[in-house]
Amino acid sequence: MTRIQTDRILKVAAYCRVSTDSNDQANSLASQQSYFKEYIERNPMWELYDIYVDEGITGTSTKKRKAFNRMMVDAQLKKYDLIITKEISRFARNTLDSIYYTRKLKEYGIGVIFANDNLFTLDPDAELRLTIMASIAQEESRKTSERVKWGQKRRMEQGVVFGKSMIGYDVRDGKLYINPEGAEIVRKIFHKYTIERKGTCTIARELKEEGIPTFTNKNWTNTVILRTLRNEKYCGDLVQKKTLTPNYLTHEKVLNRGEEEFVIIRDHHEPIISRELFELTQKELERRSPSDEQKKKLGNRYCFSGKITCEECGSSFVFHNKKLRSGNYFKYWQCYNRRQNGKTKHIDSVTGKEVGCSIDHIAHDDLKNIMASVIEMMTADKSRLLSLLKKQLEEVFLQSDNNDFERKKEQFDKKTERRKALVDLYLDKCITREEFKEMSVQLDGEIESLKTELQSCVANTLDREKKDEIIAECVAYAKAILTSGENNDEFIKQILESMTVSKDNIITVKLNLLPFKWKFALSSVATAAGSSFYPKAEQCVEEVSENEAENAQRDHSTTDVPISVRRPLSSS
C-alpha cells in the first residue's frame with residue numbers, strides 16, 4: 001500500500017456495516033468500531049472525524065444504506081480527508097458500486113483504505129485491483145444467494161411457512177396457527193361477498209363502520225378484501241414461491257409469473273373456511289371480474305394516457321390525484337422516472353445508468369386548456385392548415401415514389417455490373433463453364449425481376465388517381481376535425497397523437513394526420529394557496545410578452561405555432 005505522506009493532520013472517517021441485526025453481528029460491529037478507533041489513534045497525523053455505521057442492512061446495494069449515503073454527502077462537502085473500512089465486501093458487494101463510489105471519492109480528493117485487503121484507492125493500480133476483488137465479492141454474494149434460495153425451497157417442500165402473520169393466522173416457527181378473532185373476520189368477509197353478494201368496497205366500508213381493526217392497523221380497502229378472498233390458505237392449502245427475487249443485487253421481489261415452479265401443499269393446515277365455500281368464492285370473483293375489453297378501457301381512461309413524453313429522459317407521464325388540505329383534489333401528470341427516482345439525476349447502483357429527472361409535473365387542467373387553445377386555433381386558421389396538409393401529403397407521396405425508384409435502380413445497376421464481372425471471370429478462366437452458366441442464370445433472373453419492378457415504379461408514379469383519392473380522404477378527415485369544434489375527452493383522445501414536455505416547460509403538441517405542431521409555455525410555480533407542494537392549475541399559466549412572442553415567431557417555422565395557454569400568438 002502507498003504510504004500516505006502529509007505535513008498536516010488528516011481527518012479520517014471509518015465505515016462499518018453488518019448485514020443482520022443478530023447479537024453475533026452486533027458484537028462484530030462493536031469490534032469493528034473499536035478496531036478503527038485504535039487504528040486511527042496509532043497514527044499521530046490522523047484524527048478521527050466520525051464512524052459511519054449501517055446495521056442490519058444488505059451490502060449488495062447502497063440504496064438503503066443511510067450512513068453510507070450520509071458519508072458520501074460529507075465527502076462532497078470535504079468534511080474529512082480519508083476513509084478506512086474493513087474490506088471491500090463491507091464497503092459494497094456490487095462491482096459497479098465499488099468503482100463508482102471510489103471514483104467519486106477520488107474526484108473529491110478522498111482515498112479509501114481497505115484494511116484487510118491491503119488496498120488504497122489513490123494508488124496507481126488501485127482500480128484494477130479493486131475491480132478484481134469487488135467482482136470476487138459480488139460473485140460470492142451471488143453464490144450465497146443461490147444457496148439460500150435452494151435451502152428455502154427445500155424447507156418449503158417440507159411444509160415450513162415463509163411469510164408473515166395475516167388476518168386469521170399467526171405464523172410462528174414456520175407454522176400457521178389460527179387466530180380466533182381474525183378467523184371470525186375472515187368468515188364474515190367470505191359470507192358477505194359470496195352469500196350476501198356484496199361488493200368489496202361495500203364490505204370494506206361496513207367493516208370500518210363496525211370498528212373492526214385490520215391486521216396492519218390500516219384502513220379497510222377493496223384491495224385488502226380481494227386479497228383475503230383470493231388467499232388459498234383460508235381453505236387449508238399452502239402455495240409458496242408466489243414472489244421471487246430475480247436480481248440478488250437489488251433484492252426486489254416481483255410476482256412469479258411462471259418463471260419458477262410454485263411449491264403447493266394441499267390440506268397443509270387447519271382451514272378457517274370450507275373448501276366448497278372457497279371454490280364458490282373463486283367462481284364468483286371470476287364472474288364479477290371485468291373483461292379484457294373493460295380492462296383495456298380502464299387502462300386508457302384518461303384522454304392523455306400514454307401520450308405525454310418527457311423530452312429529458314424519454315419516460316411517459318403518469319396520472320396522479322392528490323388531496324389538498326382544503327379537501328379538494330389536484331389532478332396532475334408526472335414523469336414516471338421522476339416519480340420513481342426523484343428529481344436529482346444519479347447513477348443507478350445496479351444498472352449503472354443515469355436515473356432521475358428534473359422536469360416537474362403538469363396540472364391536468366392546464367393540459368385541457370392547451371387542447372382547447374389548439375382546437376380554437378385550428379378552427380380560426382382552417383384554410384391555411386388544410387392547404388399545408390395537402391401540400392405535405394403530396395410531398396410525402398412524391399418522396400416515397402422517388403426513394404423506391406432510386407433504390408431499385410441502384411440494385412439493377414449493381415446486378416448488371418456483377419453480370420459483366422462474371423463474364424470477365426470466365427474469359428480469364430477463373431471459373432469453369434458450368435459455374436459460369438449456373439451463376440449467369442441466377443443473375444439474369446434477378447436482373448429481369450428488377451427491370452419489371454422499375455417499370456412498375458414508373459407506372460405508379462404516372463398514375464395519380466389512387467394517390468389523389470387517399471389525399472382527398474385525409475384532407476376530408478382533417479376538415480371534419482377542424483370544423484367540429486368539439487372539446488371533450490373522447491374527441492381529444494382521437495385527435496391527439498402526442499405531447500412532449502421539455503426542461504424549460506415548453507409543451508409541444510402533435511395531432512393525428514396533421515403535419516404541424518403547436519408549442520406552449522408554462523411557468524413553474526413552487527407553491528400555491530391551499531397546497532404545500534402542488535400549484536393550482538390556473539397559477540401555472542404564464543403570459544408571454546409581445547417581445548417574447550415576436551422572438552418565438554422568428555425562431556419557429558410556419559408549422560410551429562408558439563402560443564401561451566391563456567392567449568394564443570399568431571403564427572408567422
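For this chain, numbers begin at 1 and follow the sequence in order.
Using a 4.0 Å cut-off between charged side-chain N and carboxylate O, Glu157 and Arg154 make a salt bridge. Looking at Glu87 and Arg17, no side-chain N of the basic residue comes within less than 4.0 Å of a carboxylate O on the acidic one, giving no salt bridge. Using a 4.0 Å cut-off between a side-chain N of Lys or Arg and a carboxylate O of Asp or Glu, Glu260 and Lys153 do not qualify as a salt bridge.
For the atom pair Arg103 CZ and Tyr101 OH, the distance stands at 14.0 Å (nearest 0.5 Å). Note that NZ of Lys517 and OG1 of Thr508 are 6.5 Å apart. Values are rounded to the nearest 0.5 Å.
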Stepwise side-chain hydrogen bond (donor to acceptor under 3.5 Å, both in side chains) test for Glu312 and Ser502: CA-CA 6 Å; Glu312 183 176 309; Ser502 67; over 6 Å; no
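Between the side chain of Lys66 and the backbone N or O of Asp54, no donor-acceptor pair lies under 3.5 Å. Checked by atom type and distance alone, the side chain of Gln240 pairs as donor or acceptor with a backbone atom of Val160 at under 3.5 Å. Looking at Arg338, its side chain never comes within 3.5 Å of a backbone N or O of Gly356 through a donor-acceptor pair. Of the possible polar contacts, one joining the Asp81 side chain to the Lys11 backbone as a donor-acceptor pair under 3.5 Å is found. Formation of a donor-acceptor pair under 3.5 Å by the His268 side chain with backbone atoms of Gly159 is found in this model. Proximity of a side-chain donor or acceptor of Arg339 to a complementary backbone N or O of Phe317 within less than 3.5 Å is not detected. A donor-acceptor pair under 3.5 Å links the side-chain atoms of Trp220 to the main chain of Ile212, judged by distance alone. For the pair Thr121 (side chain) and Gly111 (backbone), a donor-acceptor distance under 3.5 Å is absent.
Residues Leu367 and Ile362 meet the side-chain proximity criterion, which asks for heavy atoms closer than 4.5 Å. Looking at Phe520 and Asn505, their side chains never come closer than 4.5 Å, going by heavy atoms from C-beta outward.
More than 12 heavy atoms of other shown residues, nucleotides or ligands fall within 6.0 angstrom of atom CD in Glu107. Atom CZ of Phe162 is surrounded by more than 12 heavy atoms from other residues, nucleotides or ligands within 6.0 Å.
In this structure, the ring-ring contact (aromatic ring centres under 6.0 Å, His included) partners of Phe319, at least two apart in sequence or on a different chain, are Tyr302, Trp333, His364. Not counting sequence neighbours, the partners of Lys79 by the side-chain contact (heavy atoms from CB on, under 4.5 Å) test are Tyr49, Asp74, Leu77.
Tyr35 and Tyr39 have tilted rings, their planes meeting at an angle from 30° to 60° on a 0 to 90° scale.
A centroid separation of 6.0 Å or more is found between the aromatic rings of Phe114 and Phe120.
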Check residues 163-172 and write down every donor-acceptor pair under 3.5 Å in which the side-chain atom is one partner and the other belongs to a residue at least two apart or another chain.
from, atom 1, to, atom 2, distance (Å)
Ser165, OG, Val171, N, 2.9
Tyr169, OH, Lys233, O, 3.3
Tyr169, OH, Glu270, O, 2.6

